[in-house]
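These notes concern the structure reproduced below.
As a basis for the values below, the full set of heavy atoms in this structure was taken, side chains included, without hydrogen atoms, waters or symmetry mates.
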Amino acid sequence: MSDSTVTLPWLVYRQDDNGNRYRVGRYATRAEAQKIADSLDTRGHKQLYWVERVAQNGAYGTGRPLP
């Protein structure tokens with residue numbers, strides 16, 4: 001990775017009422033990702049939103065909500 005590459009290690013996920021999971025976006029900070037997840041969550045739909053960090057080796061999270 002070069003110095004000019006922007007690292008976006010925080011992911012926002014959505015799970016719909018049928019159990020399907022989707023990645024909503026990637027963000028530079030947990031606070032930014034949580035703000036997006038919270039704003040989507042307040043819309044009143046039955047979807048579940050949560051934040052996960054990408055592992056340092058590039059692997060994605062578990063796909064499960066954080067406690």
Side-chain angles (χ1 to χ4, degrees):
M1 181 183 303
S2 70
D3 290 338
S4 64
T5 302
V6 176
T7 302
L8 302 173
W10 293 98
L11 303 170
V12 174
Y13 285 98
R14 173 178 68 92
Q15 180 173 311
D16 64 21
D17 53 346
N18 293 318
N20 300 310
R21 295 178 179 184
Y22 305 94
R23 190 174 73 197
V24 174
R26 295 182 71 144
Y27 303 92
T29 66
R30 182 182 180 124
E32 181 182 17
Q34 191 63 56
K35 182 178 178 181
I36 297 297
D38 291 344
S39 70
L40 292 168
D41 195 41
T42 60
R43 293 184 180 184
H45 298 286
K46 292 182 179 179
Q47 285 86 10
L48 170 67
Y49 295 92
W50 71 93
V51 174
E52 288 188 5
R53 183 176 174 87
V54 176
Q56 295 222 349
N57 65 3
Y60 289 98
T62 62
R64 290 177 283 151
L66 297 174

With D41 via side-chain hydrogen bond (donor to acceptor under 3.5 Å, both in side chains) - residues at least two apart: none
What's the spacing between [X] [atom1] and [Y] [atom2] if we round to 0.5 Å?
X	Y	atom1	atom2	value
R14	W50	CZ	CH2	10.0 Å
E52	R30	CD	CZ	10.0 Å
Y13	L11	OH	CG	4.5 Å
Q47	Y22	CD	OH	9.5 Å
T29	W10	OG1	CH2	9.0 Å

Nearest atoms (heavy-atom pairs only) where L8 meets A28: CD2-N, 3.6 Å
Results of side-chain contact (heavy atoms from CB on, under 4.5 Å) for N18 - residues two or more places apart only: D16, N20
Candidate pair R26 and V12, rule side-chain contact (heavy atoms from CB on, under 4.5 Å), full reasoning: CA-CA 6 Å; R26 295 182 71 144; V12 174; over 6 Å; no
Partner of V51 under side chain to side chain contact (heavy atoms under 4.5 Å, CB included), chosen from Q34, E32, K35: Q34
